[in-house]
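Numbers for residues simply follow the sequence, beginning at 1. Order of appearance sets the numbers: ligands from 1, and atoms from 1 within every ligand. Values in this document were obtained by computation on a predicted structure and should not be read as measured data.
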Amino acid sequence: MTAPYLLSVPTFRDTRGALGVLETPIVPFLVKRVYFIYEAAEQTRGGHAHRELQQLILAPAGAVSLRIDDGGGREFHFQLRTPTEAVHVPAGYWRELKMSQDAVCLVLASEVFAETDYIRDYEEFKTWKLSLS
Ligand code: TYD
């Protein structure tokens with residue numbers, strides 16, 4: 001299973017400003033859904049894992065801090081503070097995120113919304129991960 005990783009968003013800068021681009025193959029899956037979270041200062045969002053779905057998470061504005069774990073003791077921490085970086089979260093990882101007051105968290109997802117793909121209970125997540133190995 002691949003681990004979560006930070007990637008650089010190709011960015012074109014000139015006197016008019018900056019333009020970031022996300023496309024294949026930098027985005028390592030076909031995007032079926034885009035959603036964004038905002039007005040979530042000091043809240044913990046996420047608190048779940050996905051069975052199949054992969055995500056790319058960005059902070060186009062403000063700061064987003066991400067804590068990700070594999071249910072087996074391996075943790076990953078990312079601080080997104082610039083639109084030039086994104087985090088790829090493969091399927092099968094628990095994630096929690098916190099946002100600054102002004103933050104917008106943009107999520108590109110490999111699947112349309114399906115509650116059946118979510119695991120929202122951490123003990124259930126650990127059991128499911130163990131069953132895969
Ligand atoms: P939720 O999964 O709790 O957000 P978070 O990622 O912070 O844990 O989603 C909040 C609500 O929005 C929940 O009722 C499900 C709904 N929702 C959709 O209907 N479609 C979507 O694409 C997403 C991401 C959420």
Using the six-membered ring wherever Trp is involved, compare the ring planes of Tyr122 and Phe125 and label them parallel, tilted or perpendicular (cut-offs 30° and 60°).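 Plane angle between 30° and 60°, so tilted.
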
Which residue and atom name correspond to the protein heavy atom nearest atom 9 (O) of ligand 1, and how close is it? Arg45 NH2, 4.4 Å

Who's the nearest protein heavy-atom neighbour of atom 6 (O) of ligand 1, and how far? His48 CE1, 3.4 Å

Looking at Tyr118, Phe113, Phe36, Tyr35, the heavy atom closest to atom 19 (O) of ligand 1 belongs to Phe113

With heavy-atom distances below 4.5 Å as the criterion, would you say the side chains of His88 and Pro28 are in contact?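 SC-SC contact between His88 and Pro28 confirmed.
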
Does any non-hydrogen side-chain atom of Arg33 lie less than 4.5 Å from one of Leu53?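 Leu53 vs Arg33: side chains touch.
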
Does Gly46, backbone or side chain, put an N or O under 3.5 Å from an N or O of ligand 1? yes

So for ligand 1, is Arg120 a polar contact partner (N or O within less than 3.5 Å, distance only)? yes

Examine Lys129 relative to Tyr93 and say whether NZ or CZ is less than 6.0 Å from the centre of the six-membered ring and inside a 45° cone about the ring axis.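 Positive - Lys129 is close enough to the ring of Tyr93 and near enough to its axis.
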
Polar side-chain atom of Thr84 near backbone of Thr82 as donor-acceptor pair, under 3.5 Å: no

Indicate, as side chain, backbone, both or neither, the part of Arg33 found under 4.0 angstrom from ligand 1 when only non-hydrogen atoms are considered.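 Near ligand 1, Arg33 shows its side chain, while the N, CA, C and O stay back.
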
Take [atom] and look for protein heavy atoms under 4.0 Å from it; say yes if you find one, no if not.
atom: atom 2 (O) of ligand 1; result: yes
atom: atom 23 (C) of ligand 1; result: yes
atom: atom 14 (O) of ligand 1; result: no

Does Phe36, at its CZ atom, have more than 12 non-hydrogen atoms belonging to other residues, nucleotides or ligands within less than 6.0 Å?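 Not buried by this count: 12 neighbours or fewer within 6.0 Å.
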
Is the count of non-hydrogen atoms from other residues, nucleotides or ligands lying under 6.0 Å from Glu75 atom CD greater than 12? yes

Under 4.0 Å, counting heavy atoms only: does Gly47 come that close to any atom of ligand 1?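 For ligand 1, residue contact (heavy atoms, under 4.0 Å) with Gly47 is absent.
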
